[in-house]
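Scroll down for the structure; my scribbles are underneath it.
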There are 2 protein chains.
Amino acid sequence: MPDEEFLAQYDPGAYPPFAVTVDVVALTLRDGALSVLLVRRGEAPFAGAWALPGGFVQAGAETLDEAAARELAEETGLDEERGLGRVHLEQLGTYGDPGRDPRMAVVSVAYLAFAPDLPEALAGSDAADARWTPVADVPGLALAFDHAHILADGLERARSKIEYTPLATAFLRKEFTVSELRAVYEAVWGAELHAGNFHRKVLSVPGLVESTGATAEHSSTRGGPRARLYRAGDARLLHPALLRPDREDGVR
Amino acid sequence: MPDEEFLAQYDPGAYPPFAVTVDVVALTLRDGALSVLLVRRGEAPFAGAWALPGGFVQAGAETLDEAAARELAEETGLDEERGLGRVHLEQLGTYGDPGRDPRMAVVSVAYLAFAPDLPEALAGSDAADARWTPVADVPGLALAFDHAHILADGLERARSKIEYTPLATAFLRKEFTVSELRAVYEAVWGAELHAGNFHRKVLSVPGLVESTGATAEHSSTRGGPRARLYRAGDARLLHPALLRPDREDGVR
DNA sequence: TGAATAGTGTCTATCAGACATTATGTC
DNA sequence: GACATAATGTCTGATAGACACTATTCA
């Protein structure tokens, strides 16, 4: 049977129906704290509960990546011009356990976003509120659906990803100091790093950062020389990697 | 509005309909060559073309992981008893570009499987044929849908995963020699490794392998002492990792 | 006997991490 | 002047990789 003939008599209803959503774990640094974008749901199910921003994929009209970017833009107020281009967005994983949504069979494709410090969030169409929330405060929140699980996976991916890619720079503005970069690593890993060793390491890894020649305006905090400014380098993978301090070697 | 009331009047038809499939990139070593399980499609679309094994997820009846295990079992003839338990199965990524399936909007959740050398494949219900195919032979095959893309992603994941996890052992039987393990790395990475250094490295990484005390029956190939036998160790992450030989440092 | 293999020893360049030091800012 | 920070220097132990070497088995 030729394909055309088959398609003409084809009955889409014969296949089990799913709804497909995208949900975004959007991370940023606010006041030195690793924070995630959460929305307060305006509608059932889980009305009133905090959840990851997300929504239904428009079948046939957009790719999954585009759907994730669209949902993120709706809640952050960014567009392609203003900043969205600087946000790193990657697929995290897909969650489809039966019963994860009480309405019907829903498969959620989760995305992970790294964003520089952004203006306060905007409540999108179907959200009552939207807020950047320090991830340390999330455990008390009882997120909707399986979003706590998705967030945990996203955090672990983020911790691992900044080890061997230069994506920590995606949390910063275009120009940054080594100290600011160190603050990113410390916030994501939740561990203090040795300033001197970190400095030397960052400059020694090929392609992680490149110098701008300029120095920061005023030394922000409590004195010290003005720090030099760097841009993100052109590496896509770090070699050697910046390994996080020993997390119980090997994880048996 | 309470959730129950909402659910009662809820109309699933209001949401864009998707079909959800799982597709499996199942890798194994056959005669020293890294090989992937392919099926020849019996029905349109792409009837007669080779494709990754997969099928529709049964909505509400199984998790995505279970659906992937079911599809893999159908094509390999394995069940929980006979070997399926030793197969490593992990989610690879999700593919949902509009038009990737000519019939309707289909989202495919791809899985990656590492299997020990298995008996010849079995054609499942909707496949005309099933075969373990050396990945080196695949480029000439014009796989159905976007399966060439999915396979490429799976291979890259596999190459990367054996660096920092002990999953290379999933390609071998319960007991194996260091040389057999080296053959896995060489097949997956497509590079020759230094036998002596590899040997010392494998034994020095905590939790990668543990000794059985036994030695192999006969030195299989062209002489040499009988090799000692090892089991997979209890590590879930390797530290330090086994880095693959320099792939153009950093990938700019 | 010859050849290939298993396993170990040695050397060197590199790297992570601990620690120290100097210069430069703020309060 | 007290103090924190930026940046660099020094040292040590671990590691990757090159190479050499011995012992063991098959043909």
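Numbers restart at 1 for each chain; the letters A, B, ... are given by sequence-line order, proteins then strands.
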Residue [X], side-chain heavy atoms: nucleotide from [options] that is nearest:
X	options	answer
A:N197	C:dC15, C:dG17, D:dT24	C:dG17
A:V178	C:dA6, C:dT24, D:dA7	D:dA7
B:A227	D:dT24, C:dG7, D:dA7	C:dG7

Check the distance between [N]'s [atom2] and [X]'s [atom1] and give it to me in whole angstrom.
X	N	atom1	atom2	result
A:E180	D:dT5	CD	C1'	13 Å
B:L193	D:dG17	CG	P	9 Å
A:H239	C:dT14	NE2	P	13 Å
A:R226	D:dA6	CZ	P	14 Å
B:R228	C:dT5	CZ	C1'	13 Å
A:E186	D:dT5	CD	P	11 Å
B:H194	C:dA6	NE2	P	13 Å
B:L203	C:dA6	CG	P	13 Å

I want to check one thing: is the phosphate of [N], taken as OP1 and OP2, less than 4.0 Å away from some side-chain N or O of [X]?
X	N	result
A:R244	C:dG17	no
A:R200	C:dA18	no
A:H199	D:dA6	no
B:R182	C:dA6	yes

Next item on the list: Let me know, please, whether B:G196 or B:L243 comes out on the 5' side of the other along DNA chain D by nearest nucleotide.
Entry: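 Counting from the 5' end, the first nearest nucleotide belongs to B:L243.
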
Check: How far apart are the closest heavy atoms of B:D23 and B:G54, and which atoms are they?
Finding: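 Distance-wise, the nearest heavy atoms are OD1-CA, 3.5 Å.
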
Looking at [Y], is its backbone amide N or carbonyl O close enough to the side chain of [X] to form a donor-acceptor pair, meaning the two atoms are under 3.5 Å apart?
X	Y	value
B:E90	B:A113	no
A:Y95	B:L64	no
B:W132	B:R30	no

Notebook entry, point to check: According to the interplanar angle, ranging from 0 to 90°, do the rings of B:F145 and B:H147 count as parallel (below 30°), tilted (30 to 60°) or perpendicular (above 60°)?
Noted result: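 Judged by the thresholds at 30° and 60°, the geometry between B:F145 and B:H147 is tilted.
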
Next item on the list: Under 4.0 Å between any heavy atoms, over every strand shown, what does B:S179 touch: base, sugar-phosphate, or nothing? Just pick one.
Entry: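 If one applies the 4.0 Å heavy-atom cut-off, B:S179 turns out to touch the sugar-phosphate alone, with no base involved.
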
